[in-house]
Amino acid sequence: MSSRTSSLHDRHVAAGAKMADFSGWSMPIEYAGGGVLAEHTAVRQAVGLFDVSHLGTATVRGPGAAAYVDSCLTNDLSRIEPGRAQYTLCCLPDGEPDAGGVVDDLILYLHGPDDVLLVPNAANAAEVLRRLSERAPDGVTVTDRHEEIAVLALQGPRSPQVLAAVGLPGELPYMAFTDEGGHGGDEVTVCRTGYTGEHGYELLVAAERAGALWDALLAAGEAEGIQPCGLGARDTLRTEMGYPLHGHELSREITPNQARSGWAVGWRKPAFWGREALLAEREAGAARLLWGLQAPGRQIPRPGMAVLGAGGAAVGTVTSGTFSPTLRVGIGLALLDTAAGVAEGAELAVDVRGRPQPVRVVKPPFVAPNVR
Amino acid sequence: MPTEVPDDRRYTDQHEWALVQGSEGAGTVVRVGITDHAQDALGDIVFVQLPEVGEEVSPGSPMGEVESTKSVSDVYAPVAGVVAAINTALADAPETINADPYGEGWLVEITVTGDDGDPTAGMLDADAYQALVDAS
């Protein structure tokens, strides 16, 4: 099966990007003249531009669309007003195997009571849409816009200047969005959000208009030190923040309680998928919890490696790991058994291909965020 | 961007290079590194695990690892022998491999004992290695 490509694919290839498959989408990992470390640093210190069009987009529209979505997804829509976005989770409903496990994590844009936009992960977009469509009340329509809408992420301390230079509105509170963005007559939705830990924006634009916007942002950003960034840097940036990645820190087998994503659950809501299972687990205490691991040197914990406690007994598993370009050491995220009694500051080891390597247990973020 | 393949040394199909340094007592010292193609494919190298000096190595068995942010790649010994030296500068500056894979970014030196001539003679020459890269 050939990969799906972003509307910016030709630009990535022309820029010498290394392309790789992400959930069926051929996307840039890093750019020639950049590389993961340089791209990471650009975002922390200046500004970076990512194509994240592999992310899904879908609208849920019709009378009561928002209330319907609120009765399915975990976060509490009464916490936000129209014009705000919210991080939320789609969990497996009670009565299904692994109830409370996470089908996907996503960003929800609340346009109004009858109009919601969802941005799920590439791999899970179809499944989230299937589940929402199946149970949708009469008059509420779930529409896949994955191929129609491109998603760009402009991230870093200099991102407001770049946005202003192309005439897009950047004066937005954290997690607020506006459709007022016009770029050469094209409608652009600008949202103060991101996955890097820096001040930044995600821009939704019609796929056929994405190229012009990409070019304009790169040209306007030249004076600010803009760097096109691939998904390699996106991963090191999010790992430094301890942000979960579905398939690693969240999955059908890993609940929000275990991943410490309970803040994105509206516990007082009367209904959402997986509510009973998650309340019960919360009451009993999760059997495992997500922690950060920091190596004293450059040795890198990798996903799937066993975490070892005193005496070499396995106490958990690494879910993500990389080299922290900011700290210059290996960092990782790991699910650790609650029964092992691990606490912050504990000295454990990671089984790196047969060599136990020391790590210290920390509470992410590894690097202070600057999102606000 | 085409990667470099200098013709002063030999290559393995695992993307290591080997360059004879000279004789030392009864042995021949062979310097080993990874190729330009290998460093380019890995991306920014952030950690290198090297064998100990004095360790015996044999062809086809991993003697070290090179890690980028995203992946880990084994480094195989191209010749049988004893590790005579390791490039300790890589511990704090593994990015040297990206910058200068055939020079300052070398990994280890292996002493090959025996008097059978050039221990790298059986390996790929630059043209053969270039052909292998082109075909990949």
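All values derive from a computational prediction rather than experimental measurement. Chain identifiers are assigned alphabetically (A, B, ...) following the order of the sequence lines, protein sequences preceding nucleic acid strands; residue numbering begins at 1 within each chain.
The environment of A:E347 atom CD is dense: over 12 non-hydrogen atoms of other residues, nucleotides or ligands sit within 6.0 angstrom. Heavy-atom contacts from other residues, nucleotides or ligands closer than 6.0 Å to CG of B:D7 number 12 or fewer. Annotation: A:E253, atom CD; neighbour count of heavy atoms from other residues, nucleotides and ligands within 6.0 Å is above 12. Other residues, nucleotides and ligands contribute at most 12 non-hydrogen atoms within 6.0 Å of the CG atom of B:D92.
In this structure, the side chains of B:E65 and A:R353 come closer than 4.5 Å at one or more pairs of heavy atoms. B:V72 is listed as a side-chain neighbour of A:R302, based on a closest heavy-atom distance under 4.5 Å. Looking at B:V46 and A:L37, their side chains come closer than 4.5 Å, going by heavy atoms from C-beta outward.
Contact of B:N98 with chain A is not made at all, since no heavy-atom distance falls under 4.5 Å. Interface residue A:A38: only backbone heavy atoms are found under 4.5 Å from chain B.
Panel note: side chain A:T322, backbone B:T69; a donor-acceptor pair is recorded below 3.5 Å.
The shortest heavy-atom contact between B:P94 and A:R298 is CG-NH1, 3.2 Å.
When each of A:T239, A:T236, A:V352, A:V36 is checked for heavy-atom pairs under 4.5 Å with chain B, A:V36 comes out on top.
Note on A:E30 versus B:K70: no salt bridge recorded, every NZ/NE/NH1/NH2 to OD/OE distance being 4.0 Å or above.
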